[in-house]
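Since the model is a prediction, treat every value here as computed from it, not as a measurement.
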Amino acid sequence: MGRGKIAIERIDNTTNRQVTFSKRRGGLMKKARELAILCDADLALIVFSSTGRLYDFASSSGMEAILERYQEAKEEHRGVLNPTSEAKLWQREVTTLRQQVQNLQHNNRQLLGEELSGTTVRDIQFLVNQVEMSLHSVRKRKEQIMAAEIHELNQKGFLIQKENIELGKKLSIAHEHNIELQKKLSRAMESSEQQASGSSSKAAAGLLLSTRVREPNIDLELRQHEHEDE
């Protein structure tokens with residue numbers, strides 16, 4: 001069974017209230033620390049328990065620097081900054097940015113396994129969690145890129161296969177067309193040979209006929225010569 005919802009109202013039982021405060025305070029501090037590190041945020045958290053005990057958390061800039069920055073930001077929004085206060089504000093901003101750069105460089109070196117001599121087990125565990133989260137994100141992104149490349153290659157392979165099928169069809173059609181042309185050429189050559197053979201036969205018959213016509217003429221001429229001699 002799941003946990004029941006807790007009504008958002010004051011807990012009357014003192015013991016339950018203290019237990020809930022301890023758990024929620026620990027979670028709040030953890031979230032504040034993660035927000036400051038993961039998002040590079042300047043963060044200050046102040047909590048007073050019902051008994052008046054103080055619990056606070058501040059990012060790398062420090063509680064005092066963050067509170068001063070908060071006051072100056074309020075003054076800036078109200079439009080009451082004078083030139084001296086503005087110059088002081090920018091000086092503090094430069095100092096804060098330098099500190100943030102140093103903290104980031106230190107954090108990067110720790111992620112690379114350097115400068116871990118003064119860290120606690122909790123800090124090291126947090127670094128391990130950060131590295132594992134980063135590796136998970138990198139691997140997930142790698143898998144996405146590889147999946148996209150595989151999908152693209154599959155699409156290209158499908159298109160190439162489709163083009164091969166189309167080229168095969170065109171080649172088959174061209175082969176059939178070539179066979180038809182060869183048949184037509186063969187028939188044309190046979191027809192030409194037949195026409196040439198017919199023309200030769202007609203020429204021979206004509207020559208024979210002309211020869212037969214000339215033979216009587218030759219006989220007549222011979223007879224005329226004989227009469228003249230007598």
Side-chain angles (χ1 to χ4, degrees), residues 1-6 8 23-24 26-45 57-61 66 69 73 90 93-194:
M1 296 180 61
R3 290 164 46 184
K5 292 184 179 180
I6 299 176
I8 305 301
K23 291 181 178 179
R24 297 296 178 95
L28 182 61
M29 293 293 181
K30 181 181 178 181
K31 292 296 182 182
R33 179 181 176 83
E34 291 176 355
L35 179 63
I37 295 176
L38 296 176
C39 302
D40 191 26
D42 263 347
L43 189 145
L45 176 63
F57 170 80
S59 57
S60 57
S61 299
I66 294 174
R69 186 178 178 185
W90 284 112
E93 187 71 19
V94 170
T95 303
T96 302
L97 291 175
R98 286 177 179 173
Q99 185 64 38
Q100 289 177 358
V101 170
Q102 292 178 1
N103 293 334
L104 288 173
Q105 291 175 348
H106 177 68
N107 190 29
N108 288 336
R109 285 192 290 269
Q110 285 186 334
L111 290 174
L112 294 173
E114 303 173 359
E115 298 183 5
L116 299 176
S117 58
T119 55
T120 63
V121 175
R122 185 177 179 181
D123 293 334
I124 292 176
Q125 184 61 44
F126 181 77
L127 291 173
V128 170
N129 294 337
Q130 265 192 307
V131 172
E132 289 178 351
M133 290 173 60
S134 300
L135 285 174
H136 177 72
S137 299
V138 172
R139 287 169 180 165
K140 186 177 180 180
R141 180 56 182 166
K142 179 183 177 182
E143 291 175 357
Q144 291 175 351
I145 294 174
M146 291 179 67
E149 290 179 352
I150 291 172
H151 178 72
E152 184 178 358
L153 290 174
N154 288 335
Q155 291 292 329
K156 289 182 179 179
F158 175 75
L159 293 176
I160 291 173
Q161 185 178 7
K162 187 176 180 181
E163 290 179 357
N164 287 338
I165 294 173
E166 293 295 330
L167 289 174
K169 291 180 180 179
K170 291 180 180 179
L171 181 62
S172 178
I173 294 172
H175 182 67
E176 292 177 358
H177 185 63
N178 189 23
I179 292 174
E180 292 294 330
L181 289 176
Q182 289 179 354
K183 290 181 180 180
K184 290 181 180 179
L185 180 61
S186 178
R187 288 195 294 266
M189 291 177 66
E190 291 177 358
S191 177
S192 298
E193 290 176 356
Q194 291 176 359

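Evaluation of the salt bridge (charged side-chain N to carboxylate O under 4.0 Å, His left out) rule for E132 yields no partner, not counting sequence neighbours. Listed by chain and residue number, nothing satisfies the side-chain contact (heavy atoms from CB on, under 4.5 Å) test with L112 (two or more places apart in sequence, or in another chain). Judged as a side-chain contact (heavy atoms from CB on, under 4.5 Å), and not counting sequence neighbours, the contacts of R98 are V94. The side chain to side chain donor-acceptor pair (under 3.5 Å) test applied to Q99 returns N103, not counting sequence neighbours. Every residue meeting the salt bridge (charged side-chain N to carboxylate O under 4.0 Å, His left out) condition with D123, not counting sequence neighbours, appears here in chain and number order: R33. Qualifying side chain to side chain donor-acceptor pair (under 3.5 Å) partners for Q125, counting only residues two or more places apart in sequence or in other chains: N129. Taking the salt bridge (charged side-chain N to carboxylate O under 4.0 Å, His left out) definition, one finds that E34 meets it with nothing, sequence neighbours left out. Listed by chain and residue number, nothing satisfies the side chain to side chain donor-acceptor pair (under 3.5 Å) test with T96 (two or more places apart in sequence, or in another chain). With sequence neighbours excluded, the residues forming a salt bridge (charged side-chain N to carboxylate O under 4.0 Å, His left out) with K156 are E152, listed by chain and number. For S186, there are no side chain to side chain donor-acceptor pair (under 3.5 Å) partners at least two apart in sequence or on another chain. R187 meets the side-chain contact (heavy atoms from CB on, under 4.5 Å) test with K183, K184; sequence neighbours excluded.
Closest non-hydrogen pair, S59 versus A36, comes out as CB-CB, 3.9 Å.
When side chains are defined from C-beta on, I37 counts as touching F126, because their heavy atoms get closer than 4.5 Å. No side-chain heavy atom of I66 sits less than 4.5 Å from a side-chain heavy atom of L43. N108 is not listed as a side-chain neighbour of E114, based on a closest heavy-atom distance of 4.5 Å or more.
A distance of 11.0 Å separates OG1 of T95 from CD of Q100, quoted to the nearest 0.5 Å. If you take CD on E149 and CG on N154, they are separated by 12.0 Å, rounding to the nearest 0.5 Å. Note that the CD atom of E143 and the CZ atom of R139 stand 9.0 Å from one another [nearest 0.5 Å]. Rounded to the nearest 0.5 angstrom, K170 NZ and I173 CD1 are separated by 9.0 Å. For the atom pair CG (D40) and CG (D42), the distance works out to 8.0 Å, reported to the nearest 0.5 Å. One finds the CD1 atom of I150 at 12.0 Å from the CD1 atom of I145 (value rounded to the nearest 0.5 Å).
Screening residues 158-168 for side-chain hydrogen bond (donor to acceptor under 3.5 Å, both in side chains) gives no qualifying pairs among residues at least two apart or on separate chains.
In this structure a side-chain-to-backbone donor-acceptor pair under 3.5 Å is missing from S172 to G168.
Using modelled atom types and a 3.5 Å distance limit, the side chains of H106 and Q110 yield a donor-acceptor pair.
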